[in-house]
Amino acid sequence: MSAKTETRLTPRERLTRGLTYTAVGPVDVTRGVVGLGVQSAQSTASELRRRYREGRVARELAAAQETIAQELAAAQEVVANLPQVIQEARQSQRRHFKRRPWIIAGAAVVVLVAGAVTFSIVRRSMRPEPSPRPPSVDVQPRP
């Protein structure tokens with residue numbers, strides 16, 4: 001009872017074994033050469049994928065840096081114009097200040113009226129309406 005474990009040969013080992021043995025040589029040489037070709041093609045493809053990814057990442061990084069530079073320039077422009085914008089806002093606020101108390105008072109009156117209406121509706125719905133029919137049960141308890 002011999003336990004025989006067959007290990008898979010790499011293409012390089014298969015090629016060297018094929019060159020060593022003459023009986024199975026042509027088959028092993030062919031399989032070794034094909035295997036080495038496939039491995040080199042896979043290696044080349046993975047290297048090309050890696051280079052493509054690195055190039056794409058570099059392009060994305062350059063685009064992101066350009067976008068950040070544009071955003072920074074826009075933010076600097078906004079910050080430079082900020083004092084003027086604040087001054088204009090204060091001037092427009094002074095012009096509209098006379099109308100604002102009437103608007104606030106009107107809104108307060110509307111809120112109070114809505115609250116009163118809501119309160120009366122809720123209060124009425126909590127009271128039972130008296131029935132026009134006489135009660136079906138004696139109202140007076142028996143001693």
Side-chain angles (χ1 to χ4, degrees), residues 1-139 141:
M1 227 178 174
S2 66
K4 209 175 195 183
T5 328
E6 187 174 329
T7 58
R8 296 191 69 149
L9 297 175
T10 65
R12 178 172 286 144
E13 292 171 341
R14 193 176 309 281
L15 180 62
T16 53
R17 189 179 80 174
L19 292 174
T20 306
Y21 301 113
T22 57
V24 280
V27 174
D28 275 344
V29 167
T30 306
R31 286 182 67 186
V33 168
V34 169
L36 283 175
V38 168
Q39 276 186 348
S40 70
Q42 286 176 341
S43 173
T44 304
S46 71
E47 180 67 20
L48 287 174
R49 277 194 303 267
R50 186 186 64 79
R51 284 186 182 176
Y52 173 73
R53 271 193 229 115
E54 285 177 357
R56 188 176 62 193
V57 168
R59 286 191 300 274
E60 288 175 359
L61 184 61
Q65 285 175 342
E66 183 178 334
T67 304
I68 289 172
Q70 290 172 354
E71 292 293 327
L72 186 59
Q76 285 175 343
E77 183 179 333
V78 167
V79 169
N81 294 333
L82 193 59
Q84 181 182 357
V85 171
I86 290 173
Q87 186 178 13
E88 290 173 1
R90 285 183 181 166
Q91 287 175 353
S92 68
Q93 186 180 19
R94 289 182 191 144
R95 282 187 236 137
H96 298 295
F97 185 68
K98 293 178 183 176
R99 268 192 278 164
R100 187 172 289 157
W102 289 107
I103 293 173
I104 293 173
V109 168
V110 168
V111 168
L112 286 173
V113 168
V117 168
T118 305
F119 179 76
S120 67
I121 290 172
V122 168
R123 181 138 180 159
R124 279 188 201 154
S125 67
M126 292 180 70
R127 286 190 208 151
E129 294 184 16
S131 175
R133 300 168 68 192
S136 61
V137 182
D138 286 336
V139 179

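Below, each value reflects all heavy atoms present in this structure, side chains not excepted, and no hydrogens, waters or symmetry copies.
- Between the CD atom in Gln42 and the CZ atom in Arg49 there is a gap of 9.0 Å [rounded to 0.5 Å].
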For residues 75-84, which side-chain N or O atoms pair as donor and acceptor with protein atoms under 3.5 Å away, sequence neighbours left out?
{"residue": "Asn81", "atom": "ND2", "partner": "Glu77", "partner atom": "O", "Å": "3.4"}
{"residue": "Gln84", "atom": "NE2", "partner": "Glu88", "partner atom": "OE2", "Å": "3.4"}

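- A donor-acceptor distance shorter than 3.5 angstrom exists from the side chain of Thr118 to the backbone of Ala114, with no hydrogens or angles considered.
- Not counting sequence neighbours, the partners of Glu54 by the salt bridge (charged side-chain N to carboxylate O under 4.0 Å, His left out) test are Arg50.
- Every residue was checked against the side-chain contact (heavy atoms from CB on, under 4.5 Å) condition with Ser40, not counting sequence neighbours, and none meets it.
- In this structure, CG in Leu36 is found 8.0 Å from OG1 in Thr10, a value given to the nearest 0.5 Å.
- Remark: Tyr52 engages Arg56, Arg59 in a side-chain contact (heavy atoms from CB on, under 4.5 Å) (not counting sequence neighbours).
- Residues Arg8 and Glu13 approach most closely at O-OE1, 4.4 Å, considering heavy atoms.
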